[in-house]
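Here the structure is laid out as structure tokens; the discussion comes afterwards.
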2 protein chains.
Amino acid sequence: MAHSDLLTVPFAGAPIFTRSRALRPTGKVLPEHARSHNRALVLQTLYSSGARSRADVSRETGLTRVTISDLVADLIAEGLVVELGQREAARPGKPATLIDVARDAFQIIGLDLSEHEVFRGAVTALDGTIAERIELARGGATGEAAALLVEQLVDRLLALATIPVLGIGVGSPGVVDPLGVVRSAPNLGWVDLPLQARLAARTELPVHVANDANVAILAEHGETAPGELLLIKVGHGVGAGLIVGGRPVIGGGFAAGEIGHVVVGTDGGPRCACGKDGCLEAWVAEPRLTAQLAAVGASRGSSVGAGDGDTDAAAAAARDEILREAGRRLGIVLAPVVGALNLTEVVLSGPADLLDGAFHEATVDTLRQRTMAELNRDLRLRMSEQAEDIVLRGAAVMVLSGQLGVS
Amino acid sequence: MAHSDLLTVPFAGAPIFTRSRALRPTGKVLPEHARSHNRALVLQTLYSSGARSRADVSRETGLTRVTISDLVADLIAEGLVVELGQREAARPGKPATLIDVARDAFQIIGLDLSEHEVFRGAVTALDGTIAERIELARGGATGEAAALLVEQLVDRLLALATIPVLGIGVGSPGVVDPLGVVRSAPNLGWVDLPLQARLAARTELPVHVANDANVAILAEHGETAPGELLLIKVGHGVGAGLIVGGRPVIGGGFAAGEIGHVVVGTDGGPRCACGKDGCLEAWVAEPRLTAQLAAVGASRGSSVGAGDGDTDAAAAAARDEILREAGRRLGIVLAPVVGALNLTEVVLSGPADLLDGAFHEATVDTLRQRTMAELNRDLRLRMSEQAEDIVLRGAAVMVLSGQLGVS
DNA sequence: GTTTGTTCGTAAGGTTTACTAACAAACGTG
DNA sequence: CACGTTTGTTAGTAAACCTTACGAACAAAC
């Protein structure tokens, strides 16, 4: 009973439910809402499975061919789906007319405001492929100046779009509420900035704004789609995005994933900018790591120099030790989260040259040592393969998901 | 747009969503499913608001009076709702006919298998009020013997029920999957025990089985119903129940909340039965605490003795220190979870004489010290008011929720 | 005592939605 | 070339909720 994920089916004596359904029905549901859901289901099916016939979609969704035809007619009329002509394959019966999401009819604009020095933006295809890219040096701008910079970035991206834009997705640092108000972003000096409303008013397009890590996890989730996923985003700060039960976690105060200032361990640690000792961010944020590495002389990137072998080896060992300790600290903080949520997959996103070696290993080892082995046997910790575009691509997914019900 | 919690509404150019909707539509939705949802909505409204007229329900739900009348007619025919006669109040207009959930027409059977020495069970009213109660000494029974004991308990409870039984709810220790198979419960020696199926076949009633802490949190959630809630259940072991985004968290391996064997801090700790040092359970499980308290001579419960004042005061101080340290350890483990999920409410369940003083204070203090103050300002940590019946009452809620869509 | 306005619950009819049944078109196969 | 298969559409039906309308019952005002 797949639909029980979405609707309660509360007959006395009815089959037992999966417990994934809503505990409290929140409002009425009309037949037209069911139709909207089925529309999204069709788009979802086409988007993830590629070009199909109406009959194929019917078989995959369980809806009848008639209903699919009807839904598809609406979608074609709206320009969201296109007919691609007849299927080539040699099969008995009337040849199928292939249909697909109108992948080339819309572009998406994505913004990544999470980096310290630059605001990044891109025009992408529906699948997240980046067509155009702009970086705008922030130059330390904060408050209204930073907001104006964002608007300028959007304007320039819109000018680069060659076809209609489906919507704008923004990954911002800080705490962002569901209405797209940046409640608090210390680095940018934003407090209660109605970014969604500002951009929507300016562009007259659908705009979605969310926390950068929560946006990034959408890019990751689009690929494998497990029910439980945690993404750790290491950059100027440390943030997390969470998907639990297949849904993004927002948090009671809209601050889910703000894990950077949780204290690690019980043995002190470096003094953090927030005043506490041993915050996760004080251990593993990028600036701190690079500074530490520089201090031991193992320069980041290529450590090739004129030094002799011994020095090189010693430097490499010192470098590994620093990264291993940082990875260990991340594992210490994650262990309770992994245990409590019984997570199956954790993804690391950030500079690969820092995270992808000793750091990664230490985090895995620490997680395994500090959680119950039998329960978390199939826990996977991996590096994100999305590199620096993860927020931009996640922003595209956010728009796609929000506007079409597709991911 | 309250319905967007349950159904996607994916028009291009449609209003911005709350992000609480499903990311991936999981299956088709038919009008009849909408009807089921609305049925549950009516029951929910009546259950939580008490006796109302059809017109009242119409106003509260947003459905028309006609539709409510139709749904209520069905529910009355099935015996789930009853008419109570006319409203007394002096108001203009035709007097309303009050209707309510048939609170006296069904009982629920709840089982709590989480205690070490006894299996507890109860016959409750729909609201969780306990009508009859049975405790069965386990006597160290494990495996099939323990399963037979559960069946015996159910039989005896069914015999005590005076009216039809809506269903059976079971809170079991260990890992329980959504189909009610106890995947693993070391204390009871259960591995892949299909408890739900066995009891359902034996009684021909709807049966719901879940982990004890996940059941307990339903009892707590019924009262305040915030979106995010964490319950820590301290007993022979330590377990947690989680509600995130209004939904119970199950976990990728169905082991969400199994936090007892997560290692606390970075300074070692007592050796745990699982072989690791410093597991949460080794710090704060009830047997360990009582043993420690006994060792310093501050006997649990009344510490009144023949000793002089100084000794008493010293013993009390030692006792407080033990509890404070345990509470601190709990706070250390919870801080990352609270931070990552941005939880608003944490509930402690267990022996109040252990948890409700220094322990509680230390946990709160530690949580505040180790998380970001601004984000978790409105975090509340409180003792459960449900005492020992929390699992039994949660089991009733689980049945109510599963069978009627009501909580 | 009558009138007026309000409220309740129901009845009738319409719209939306997805279903079943049936069919024409188009193709491969024997 | 006849036949079976597959596709997509047409036609009709059932379910679910809506709007509109109405009788019944009551309070308040006259």
Side-chain angles (χ1 to χ4, degrees), chain A residues 3 6-11 25 27-42 46 51-77 81 83-99, chain B residues 3 6-9 11 25 27-42 46 51-77 81-99:
Chain A
H3 60 260
L6 292 162
L7 290 172
T8 57
V9 189
F11 297 109
K28 62 177 175 180
V29 172
L30 306 182
E32 66 203 77
H33 302 136
R35 177 136 177 123
S36 295
H37 175 92
N38 290 335
R39 261 178 60 110
L41 183 61
V42 169
L46 286 176
R52 312 245 126 184
S53 71
R54 292 171 175 83
D56 291 332
V57 176
S58 165
R59 278 183 292 267
E60 284 188 43
T61 59
L63 294 161
T64 61
R65 291 202 305 273
V66 181
T67 301
I68 296 297
S69 280
D70 194 43
L71 287 165
V72 167
D74 281 4
L75 293 169
I76 288 178
V81 165
E83 289 197 338
L84 301 176
Q86 294 196 340
R87 172 178 276 149
E88 295 289 324
R91 300 197 303 185
K94 177 180 170 180
T97 308
L98 294 177
I99 54 174
Chain B
H3 60 261
L6 292 162
L7 288 173
T8 59
V9 188
F11 297 108
K28 63 178 175 179
V29 173
L30 306 184
E32 65 203 77
H33 301 138
R35 175 121 176 137
S36 295
H37 176 92
N38 290 336
R39 261 178 58 112
L41 184 61
V42 169
L46 286 176
R52 311 246 127 181
S53 70
R54 291 169 175 84
D56 291 332
V57 176
S58 166
R59 278 184 291 265
E60 283 186 43
T61 59
L63 292 161
T64 61
R65 291 202 304 274
V66 180
T67 301
I68 295 299
S69 280
D70 194 41
L71 287 165
V72 167
D74 281 4
L75 292 169
I76 288 177
V81 165
V82 288
E83 289 196 338
L84 301 177
Q86 292 197 341
R87 172 178 277 148
E88 295 289 324
R91 301 196 303 185
K94 178 180 171 180
T97 309
L98 294 179
I99 54 175

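The separation between B/Arg35 atom CZ and C/dA18 atom C1' is 16 Å, rounded to whole Å. To the nearest angstrom, P of C/dA18 lies 10 Å from CG of A/Asp74. If you take NE2 of B/His37 and P of D/dA16, they are 15 Å apart, rounded to a whole angstrom. Here D/dA16 presents its C1' atom at 10 Å from CD of B/Glu32, a figure rounded to the nearest Å. Between the CG atom of B/Leu71 and the C1' atom of C/dG9 there is a distance of 14 Å, rounded to whole Å. One interatomic measurement links the two molecules: CG of A/Leu41 to P of C/dT17, which rounds to 16 Å at whole-angstrom precision. Distance A/Gln86 CD to C/dC27 P: 6 Å, rounded to the nearest Å.
Every residue two or more places apart in sequence or in another chain that forms a side-chain contact (heavy atoms from CB on, under 4.5 Å) with A/Thr97 is listed here: A/Arg54, A/Glu83. Scanning for side-chain contact (heavy atoms from CB on, under 4.5 Å) contacts around B/Arg52 gives B/Leu46, B/Ser49, B/Asp56, B/Val57, B/Glu60, with sequence neighbours left out. For A/Glu32, there are no salt bridge (Lys or Arg N to Asp or Glu O under 4.0 Å) partners two or more places apart in sequence or in a different chain. A search for side-chain hydrogen bond (donor to acceptor under 3.5 Å, both in side chains) contacts involving B/Thr61 returns nothing, not counting sequence neighbours. Under the side-chain hydrogen bond (donor to acceptor under 3.5 Å, both in side chains) criterion, A/Arg35 pairs with A/Asp70, A/Asp74, sequence neighbours left out.
In a base pair of the Watson-Crick type (N1 to N3 plus N6-O4 or O6-N4) or a G-U wobble (N1-O2 and O6-N3), with each distance short of 3.5 Å, D/dC30 is matched with C/dG1.
Between D/dC17, D/dT19, C/dA18, one nucleotide has an atom nearer to the side chain of B/Thr64 than all others, and that is D/dT19. Of the candidates C/dA18, D/dC17, D/dC26, D/dC17 carries the atom nearest the B/Asn38 side chain, counting heavy atoms from C-beta on.
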Each nucleotide of nucleotides 7-12 of chain D classed B (base within 4.0 Å of a protein heavy atom), S (only sugar-phosphate) or -, in 5' to 3' order, makes BBBBB-

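The two residues B/Ala55 and B/Arg65 have their closest heavy-atom pair at CB-CD, 3.8 Å.
At least one side-chain heavy atom of A/Leu30 sits under 4.5 Å from a side-chain heavy atom of B/Leu63.
No contact: B/Ile68 has no heavy atom under 4.0 Å from any strand.
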